[in-house]
Chemist: 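Sharing a structure below in C-alpha cells format, with a few things to ask.
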2 protein chains.
Amino acid sequence: MTAPAPKELPRYAAIRRDLESAILSGRWPPGHKIPSEHALVARYGCARMTVNKALSALAASGLIVRHRRAGSFVATPSTEESILEIHDIAGEAQGAGKPYRFELRARAVRKATATDAARLQVKAGTAVLALSSIHHVAGAPYAAEDRLVNLAGVPDARAMDFSDTPPGSWLLEKMPWSRARHRISAINADAAIARSLKIARGTACLMVERETWLQDLPITQVRLIYPGERHHLLAYFSPAGRSRR
Amino acid sequence: MTAPAPKELPRYAAIRRDLESAILSGRWPPGHKIPSEHALVARYGCARMTVNKALSALAASGLIVRHRRAGSFVATPSTEESILEIHDIAGEAQGAGKPYRFELRARAVRKATATDAARLQVKAGTAVLALSSIHHVAGAPYAAEDRLVNLAGVPDARAMDFSDTPPGSWLLEKMPWSRARHRISAINADAAIARSLKIARGTACLMVERETWLQDLPITQVRLIYPGERHHLLAYFSPAGRSRR
DNA sequence: GAGTGGTCTAGACCACTGA
DNA sequence: CAGTGGTCTAGACCACTCA
C-alpha cells in the first residue's frame, strides 16, 4: 500500500505541476489562497508529507508564501528591479524619499512590424502596444524605457492609459510570468538617447533588455537604458549558479 | 519519541549546516564522497527522511550531486563564466574550436595598498597578488582582466606562475567559494583599455567586477572589461528572483 | 481554541547501477 | 546482487496565530 507508482511523474512532482499551472495560468492570481495541506491530501489521496514536499518546493521557488494558521497563498511577484538590483551610484539617497516621476513619451497600438516581431518573438502582424518613456529620479532622467507589450497575451493593456502608470509596475501586478531573460550590454549613447537622458553623445550606457514570458507566451519586451557610469547592476550568487536555461 | 526539538535549528537544517561547512571549509573537496544516508542516520540519530531532507536541499542548491548506488559527492563548482553567461555576439562560432590564448601582462605580490584593500575588502597591508592579463579569442582581444588575490586566503597562489594558466580557472579548481557578487557597469574605454583591447577610445565597454568569498574571507576580486557592443551578458530568471543578499 | 504549517518518525517498496 | 538514493506512508507533537 505504499507508492502506487503512477509510472509517470513522482506524486509530489505531479502535485507541484498542478498547482504551478493553476498559478501560472492566472487561474489563481497573486494572493489566492491555496487549499490547505489537509485538503490536498484528500484531493490527491496521498500522505501529508507528499503534499508538503510539493508545497515546500513551491515556497522555496518563491511562487507561494506560507503562514501558519493562515495558510498558503500565491505570492505577489517580486518587482522587476529587484531581480537584478539596479543601484544609482550618485543618488545613494535612494532609501530616503527620492522624488520619482514617470514620463510617457509615446504610445501606439500597431500590428507588429518585422522588428517588433523579432524583439517580442511573436509573429509579424500580431497586435502590440509600443510604449516609450523616461523615468526621472530626483528631477533628473534616470533611465529611458522602450517597451513592447503582446496584446494577444495582455488584452487589457489596450485600454490602459499609461500616462501616469509605469507599464512595468502595472504588468507585474496584472500578469503572472514564469520566465524572464535579461540581456545586458554596453552602448555608446546616440543622439536620441543623449537628448532623452541629458548626457553627452557617446557616453557609455548600460542597456538592459528584458523578455518576459508566461509559459511559452511572450508578454513583454523592454529595453532600459541607464546613463553612463552613474549606474550599475548587482547580482549575488552562490556556487550552484542560479541562472536558468 | 518524536522531534527531540533541540530548541535551536531544525534537525535537518543542523545537518545541512554541518555538511555545508565541511564542504565550504575545504575539508571535503570536490568529488569527496559524502556519508550515505544510512551512515548519517546513525551519526545523527534521526530518521532517514530527516537526513534525506538535508541532502536533497544540498543537491537542489547544487553543492552536492547524488547518484543511486554510487552515493552523494561534493559537486565541482560550475565555471565562473556560466554563472552569468557571457556571449560573444560577433564570434558566434564559439561552439566550434575557438582558438583561445591567455596573455599575462603583469604579476606582482605586494602589501595591499589602500585601493587594493578597498577592492578586495581586506585590511591594508595584507599580502595580495595582483595580476593583469588579456584574454584572446580567435586571435583578437576578448577581455581585459585585472585581478587581486588574497594571499591570506589562497597562500598557494604566491608560488604559482600564471604565465599560461588563467587565474580564474586555477582558483575555481583550487578553492571552494560560498558567495559571489557581480557588479556590472558601462564605461567609456580610456587610453589604456583602448590599447589593450585594440578598440577606439571612448568605445562603450561592459565592466564586470566579481568578488568571491569563502564564508567571510575574501578570496579574489576581478575586473573584467569586455569591448563595446560585441558582448553581452545573459541572465535567466524565474519569478522568485534568484539574486541573493 | 482550533486550524494551519513545521518538523519528525520508523518503517516500506522500488529503480538504478557499480562491482 | 547488494548498496544507494527516490519516493511514499500514516501517523505524531509542536508553535504559531487568527478569530
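Protein chains get the first letters and strands the later ones, always in sequence-line order, with residue 1 at the start of each.
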Chemist: Less than 4.0 angstrom between a side-chain N/O of Tyr12(A) and OP1 or OP2 of dC8(D), yes or no?
Modeler: no

Chemist: Report the relative orientation of the aromatic rings in Trp170(A) and Phe162(A); use parallel for angles under 30°, tilted for 30 to 60°, perpendicular for over 60°.
Modeler: perpendicular

Chemist: Which residues pass the side-chain contact (heavy atoms from CB on, under 4.5 Å) test with Ala118(A), not counting sequence neighbours?
Modeler: none

Chemist: Starting at atom CG of Leu9(A), determine the distance to atom P of dA15(C), rounded to an integer number of angstrom.
Modeler: 16 Å

Chemist: Can you name the side-chain contact (heavy atoms from CB on, under 4.5 Å) partners of Pro29(A), sequence neighbours left out?
Modeler: His32(A)

Chemist: Has the side chain of Asp146(A) got a donor or acceptor atom that lies under 3.5 Å from a matching backbone atom of Arg223(A)?
Modeler: no

Chemist: Examine distances only and state if a side-chain atom of Arg11(A) and a backbone atom of Tyr44(A) form a donor-acceptor pair shorter than 3.5 Å.
Modeler: yes

Chemist: In whole Å, what is the span from the CZ atom of Arg16(A) to the C1' atom of dT7(D)?
Modeler: 16 Å

Chemist: Under 3.5 Å, which N/O atoms of the protein pair with N/O atoms of nucleotides 3-5 of chain C?
Modeler:
unit_1 : atom_1 : unit_2   : atom_2 : d
dG3(C) : O4'    : Arg69(A) : NH1    : 3.4
dT4(C) : O2     : Arg69(A) : N      : 3.3
dG5(C) : OP1    : Ser72(A) : OG     : 3.3
dG5(C) : OP2    : Glu37(A) : N      : 3.0
dG5(C) : N7     : Arg48(A) : NH2    : 3.3

Chemist: Would you say Thr50(A) reaches dT7(D)'s phosphate, i.e. side-chain N/O to OP1/OP2 under 4.0 Å?
Modeler: no

Chemist: Measure the distance from CE on Met49(A) to C1' on dG6(C) and round it to the nearest whole Å.
Modeler: 10 Å

Chemist: Taking the side chain as C-beta and beyond, is there a heavy-atom pair between His135(A) and Phe102(A) under 4.5 Å?
Modeler: yes

Chemist: Take atom CD1 of Ile15(A) and atom P of dC8(D), then tell me their distance rounded to the nearest Å.
Modeler: 8 Å

